[in-house]
Every structure is written in structure tokens, then in C-alpha cells.
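Contents: one structure, followed by commentary.
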Protein chains: 2
Amino acid sequence: MMSNSRVFDRDAVPDVVVQRLPIYLRTLAFIADERDVISSRELGALAGVSAAQLRKDLSLFGEFGRQGLGYQVKDLIAELERILQVDRVWPVILVGAGPLGRAIVNYRNSFETWQFEIVAAFDNDLAKVGQTLGHLSVQPMEDLVSIVQDGGIEMGILAIPPGAAQPVADTMVDCGVRAILNYASTRLVVPESVRVAYIDPIVSLNGMTYYL
Amino acid sequence: MMSNSRVFDRDAVPDVVVQRLPIYLRTLAFIADERDVISSRELGALAGVSAAQLRKDLSLFGEFGRQGLGYQVKDLIAELERILQVDRVWPVILVGAGPLGRAIVNYRNSFETWQFEIVAAFDNDLAKVGQTLGHLSVQPMEDLVSIVQDGGIEMGILAIPPGAAQPVADTMVDCGVRAILNYASTRLVVPESVRVAYIDPIVSLNGMTYYL
DNA sequence: TAGATTGTTAATCGATTAACAATC
DNA sequence: TAGATTGTTAATCGATTAACAATC
């Protein structure tokens, strides 16, 4: 039987499930060279969830496996890419051309493999404007609005000091950005329609020292 | 009345609560210069949780507020630091001296402000060994075991390519590391007693494209 | 066929919220 | 005192797990 994807209501899917799908996708990609087929038990173990949870999560979107056999790795990857909408390329802007911004742009191959393309980098430090950041030339903040609007860009990455994050986020939201990956240590206040993901190594480390 | 901290069973606290405490701490630190006192409603709004949830979370550890008034910001910071065990300095090793490792070490001031001190950096690329990485000199992987053991180091950061992450993690766990912050895109298989936190920008971005 | 594994249901488990007495 | 806000309880809500019929 073919994989049978179901019409589903995007808003009806719990966020906790949506946040697990990228982990499944990452795990599948990592083993795609070695395995054609994988069971929910095996994939769950690699991804850190129970077999039941993996099957339940997937069942919200359709029927992608075969009884007695498991899941075709390549097919499941394609289904997850479609569900997560990474079957197209997303242009992304980067704000902040410090060492972190440099590391992010350097991660370029990885981003592009995963359908994200950093199309412009900005910094408010005029000394950095014009400098090379990987394949990009750092642009002044004033150019941000027109580039985002003209390019219809919906995603942005913030790699700037905490004090500057909120006003820059406001500007981005005003000109159409709807998803922000925030490396700054501040929580952002944004409209409900805008998604924010936080990357903060101190928060991650603090969450582990509790258990030591 | 003074803040009244309760004896609590570390293992009885849900992990989801533990992972929110660092966010409260970050938020409090951000406003500590401006505010002496804050209510659960205000702090919750800044941290992205409901007032009820904030109070419930804190109530697992003691009574830190005053009816009618709210929480003393400085006192609550001190309590959270104690609960999270960041009232001492944690030595941390870093594996991977590429651009990402460089950005992490450059983040040094931030780490040290938050009680984490990167004490050694390693790389398996002999061309990088001996090079300067911020205040550190890159060391060969062979030195890792003795440095971790002699220093009694319990925390490590992985900033290496995915293929190399698992064996390096195994080595670290073998010589006593009990908390790993993993920037590589692979899920690590470790004993139950070892904590792993993942930082993966692609996973974070994928979790947002779903909603666009 | 026999063995294996899915998709799904129902039961369990756990987390969040609403409400309010206590009290600053 | 009157107003405000905590800490906590009980109710609600939601997520996870166990189990199994379906079926490859």
C-alpha cells in the first residue's frame, strides 16, 4: 500500500508534536544511507521517544507505515518535509555580524541542505557594514525593511546583544517577518501570529546543573 | 516575612518545571536594574507563562513572595540560583575549535557571568592544536581524559560535526562528564544518569515553518 | 502461514488553569 | 482599612501509554 497522507487541520495539531517532527526528520536523515526501512520502535529509540508516541504523532497526519514492516525511510522523510513545509527553500535574513553571526553563516552548507538560505546579513555597527561575512556583504540596518519587503522574506535570525533584540524584532515584524530564531537572551514580545524560537546556551546549561 | 525555602525532593520536580526556571532567572536578571519587586502576573508575561503557572512552579520549592506585594527580584534570583545550583562556578570543556567553537568561547563573558567557565578546548584536527581560541590554547583529543578526570569536570560542550559526536560523547561520559550541551545535529545515546541538551538551529527553524 | 508491526482506541498519567482563603 | 497578590486546592485540560485488532 502507498503512504496515505490525510487532510489535516494544521491548527489542531498540538505544538509539542510539531516540535518533535523536526527531530524525527533529523534522525531519519542521519540513517537514510544505511537503512531503507525502520520500525517505530527503532526510530523512536534513536529520536528519544517511545514507539507508541512516534506512531501517535505520525497518525495525526496520515498513514505512512506498513503493518509488519515499518516505515520506508525515504518516503517518511518526504512526508515530514511536506508537513513541515520544507519541501521549498525559505529565504532568511540574519541580523548581527559578530562572531556568532559569522558561525551561523559558516554553517551555510548545513542550512542550504535543509532548505534555508541566508540571503542578507545586517549590522548596526558601521565599522562592520561592507565587510564580508561568508558569501555575504554586511549591510546597514536601514536596508533591512526594503530587502525583507521586496523579497517577501518571512524568517529572520537574531544574533545580537540582548538590549538590541526587541526593537530589531519589532522592525522585522512590522515589515512581514513571521518567524524569528532568537540567539539573544531576551524573551521577545511579539504578536500572536509571529513564532519565536530561542537558542540560549546558558538556559540550556542551567537546566542541566539542577540535576548534577 | 522572609522568603521561606522548603526542603524539596529534587527527583519529584517535573522536568518541564526545571526547564522553565532558567527562563525565569534570565528574565529576572534582565529587569533587576529597573525593578525591586515584581508580581507573578508581570514576571509571567515577560517569561511567557501564566501567573498561575509561575506561582505553581515556584511553590514546589518554597514560599518566595509576599501577599499583596509580589516577589523581591534580588531575593528570587538568589533562590533560583541556589535551586539550579548555579551559586557556584562550573568548569566546562569544549570540544570543537571551528567557527562555532570560536563563537562559543567568544561568548566567554556571558558564560562567566552565569557561573560557567570554559577551562579547556579540544580538537582532533592537529592543524588546530596549539592555536589560540579566545583565552585558551587548543589541545589534542588525547589530553581530554586526564584533564576532565584531574579537574573533576562534569560538563562539556560539543561543537563538532555530527559524525564525530557519539564517540566523543562516549569518551566524555566514561571519564565523568554528566551533562552535555550538544550543538551537533545527532541525538546522543548516553546512560540515564547523563543529561543532554540539544541546540540545533535547523530543528528550531523547521518547527516554525510548519506555521507559516 | 506465522511473525511482526502498524494505526487507533481507551485508560492512565501528568500538567495547567481557575478560583479563593490567607494575608501583606 | 481596602486593595492587591500570594500559595494552594480542586477541576479541567491535554498528552502519553498500553493494548490489540487489522494486516502486511
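Only a predicted model underlies this, so the values are computations on that prediction, with no experimental measurement involved. Each chain gets a letter, A, B and so on, in the order its sequence line appears, and its residues count up from 1.
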Spacing between B:Leu54 atom CG and D:dT8 atom C1', to the nearest angstrom: 14 Å

Short side-chain N/O contact from A:Ser40 to OP1 or OP2 of C:dT6, under 4.0 Å: yes

B:Gln166 side chain reached by B:Leu188 side chain, heavy atoms, under 4.5 Å: yes

Nucleotide D:dA4, atom C1' - distance to CD of B:Glu42 in whole Å: 12 Å

Dump every N/O contact between nucleotides 17-21 of chain D and the protein below 3.5 Å, one line per pair.
residue, atom, partner, partner atom, Å
D:dT17, OP2, A:Ser50, OG, 3.1
D:dA19, N6, A:Arg55, NH2, 3.3

Length of the CG-C1' vector between A:Asp75 and C:dT6, whole Å: 15 Å

Position toward the 5' end of DNA chain D (nearest nucleotide), B:Ile38 or A:Val16: B:Ile38

Worked verdict on A:Asp15 versus A:Arg195 for salt bridge (Lys or Arg N to Asp or Glu O under 4.0 Å): CA-CA 11 Å; A:Asp15 185 58; A:Arg195 307 288 308 186; 3.0 Å; yes

A:Glu63 CD to C:dT5 P, straight-line distance once rounded to whole Å: 18 Å

Nearest-0.5 Å distance, CD1 of residue B:Ile118 to CG of residue B:Leu94: 5.5 Å

Nucleotide D:dT9, atom P - distance to CG of B:Leu60 in whole Å: 12 Å

Length of the CD-P vector between B:Gln72 and C:dC24, whole Å: 15 Å

Cation-aromatic face contact A:Arg10/B:Tyr210, 6.0 Å, 45 degrees: yes

Protein-nucleotide distance (B:Phe64, atom CZ; D:dT6, atom C1'), rounded to Å: 13 Å

Heavy-atom check, side chain of B:Ile104 versus side chain of A:Pro201, under 4.5 Å: no

Side-chain touch A:Tyr71/A:Leu58, heavy atoms, less than 4.5 angstrom: yes

Complement of D:dC20, any strand, by Watson-Crick or G-U distances under 3.5 angstrom: C:dG7

Heavy-atom pair of closest approach, residues A:Ala47 and B:Arg187: O-NE, 3.9 Å

Nucleotide nearest A:Ser59 when distance is taken to its side chain, options C:dT8, C:dT16, C:dA15: C:dT8

Below 4.0 Å: OP1/OP2 of D:dG7 and any side-chain N or O of B:Tyr71: yes

Whole-Å gap separating C1' (D:dT5) and CG (B:Leu69): 8 Å

